[in-house]
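One structure is given here, and the rest of the page talks about it.
Keep in mind that this is a model prediction, so the values were computed, not measured.
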Amino acid sequence: VVEGYGRVPSRSVGRLAGVQGLGRAREDATIVADEPCRDVGLPTALRQAFKSAAVVPVDLRTVYCDLNGESYRAREWGLASVRLGLPDSLDLIHPADCLGDVGAATGAMLLGLATMTLSGDDASDPIIVFAGSENGARAAVVLEVQGSVRSGSDVMDAVWNGRRWGRHKSDNLTEQQGGVSYLWAC
């Protein structure tokens, strides 16, 4: 269950993980475009997530992503990881190699798997989760373990309080808050 920070204490339940950072961007040179990948969208979404979570990329150990065997997506990730200076020792987890491409369920699946990882006994480092769509939407979130989740996080307040769900022109599920759309399902 994903819910706003304020609701958890009222239900007297613990949290397994918290969203600490959120990033969203668009890639114009997509897999269906006639131009080569410029890798603008993914690094921008990742930078935004890192910045809003106050996370330094070298502190990351695990990435859950929607890589699915397409060379375009692998190239995009390779360029983004070099541009952002991500460590070579990252655990890059892409469940599509075992489950296949699950389409619109990818974002929820990745968040669930990352949360399961964070609920383990030895989990301490934040995890980045990213996904993208063929139409160019890119999104990234930074998840952290229960003990490191900031109370009243600005990210959670911005994402969950007073939300209004809608459809984005690219036909992805988005959340609209104060004129800003947050992409949740790529």
Side-chain angles (χ1 to χ4, degrees), residues 2 19-57 60 62-86 90 92-96 100-114 126-144 153-186:
V2 178
V19 175
Q20 294 302 309
L22 173 66
R24 178 178 169 241
R26 178 157 299 284
E27 177 64 53
D28 291 328
T30 65
I31 192 168
V32 295
D34 291 333
E35 48 197 289
C37 175
R38 285 190 227 103
D39 195 38
V40 174
L42 184 57
T44 300
L46 290 167
R47 275 190 201 99
Q48 288 174 3
F50 296 152
K51 183 177 180 183
S52 63
V55 168
V56 180
L60 295 170
T62 307
V63 176
Y64 276 85
C65 63
D66 67 340
L67 296 181
N68 60 5
E70 293 176 345
S71 61
Y72 172 89
R73 298 287 289 135
R75 187 176 318 115
E76 184 181 29
W77 165 248
L79 291 170
S81 64
V82 169
R83 288 180 179 165
L84 297 172
L86 298 176
L90 276 175
L92 183 63
I93 301 170
H94 38 90
D101 193 334
V102 296
T106 300
M109 178 190 67
L110 293 172
L111 289 171
L113 292 171
I127 291 178
I128 188 81
V129 177
F130 75 82
S133 70
E134 287 184 3
N135 70 7
R138 303 291 184 262
V141 295
V142 175
L143 295 179
E144 292 188 275
S153 163
D154 291 339
V155 173
M156 290 305 289
D157 290 344
V159 172
W160 296 107
N161 290 340
R163 67 181 181 263
R164 182 171 58 86
W165 294 97
R167 286 302 223 172
H168 190 268
K169 66 181 180 182
S170 64
D171 205 30
N172 289 308
L173 183 65
T174 61
E175 181 177 11
Q176 312 207 340
Q177 164 89 26
V180 177
S181 295
Y182 295 96
L183 178 67
W184 283 105
C186 302

[X] and [Y]: which non-hydrogen atoms are nearest, and at how many Å?
X: Ile128; Y: Ala140; result: CD1-CB, 4.2 Å
X: Cys65; Y: Leu92; result: SG-CD1, 3.6 Å
X: Phe130; Y: Leu110; result: O-CD1, 3.7 Å
X: Leu143; Y: Ala114; result: CD1-CB, 3.7 Å
X: Pro126; Y: Val142; result: CB-CG1, 3.8 Å
X: Asn135; Y: Ala137; result: OD1-N, 3.2 Å

Which distance, rounded to the nearest 0.5 Å, do you find between the [atom1] of [X] and the [atom2] of [Y]?
X: Arg138; Y: Arg26; atom1: CZ; atom2: CZ; result: 8.5 Å
X: Ser81; Y: Glu76; atom1: OG; atom2: CD; result: 11.0 Å
X: Leu84; Y: Thr44; atom1: CG; atom2: OG1; result: 9.0 Å
X: Ile31; Y: Ser71; atom1: CD1; atom2: OG; result: 6.5 Å
X: His94; Y: Asn68; atom1: NE2; atom2: CG; result: 10.0 Å
X: Phe50; Y: Leu86; atom1: CZ; atom2: CG; result: 5.0 Å

side-chain contact (heavy atoms from CB on, under 4.5 Å) between Trp77 and Leu46: does it pass, once the steps are laid out?
-> CA-CA 11 Å; Trp77 165 248; Leu46 290 167; 4.2 Å; yes

Is there side-chain contact between [X] and [Y], with heavy atoms separated by less than 4.5 Å?
X: Val32; Y: Tyr72; value: no
X: Leu113; Y: Ile93; value: no
X: Leu60; Y: Leu90; value: yes
X: Arg73; Y: Leu67; value: yes

Can any side-chain N or O of Asp101 pair as donor or acceptor with the backbone N or O of Ala96 at less than 3.5 Å?
->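 Such a contact is absent between Asp101 side chain and Ala96 backbone.
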
Evaluation steps, side-chain contact (heavy atoms from CB on, under 4.5 Å), between Val63 and Ile127 = CA-CA 6 Å; Val63 176; Ile127 291 178; over 6 Å; no

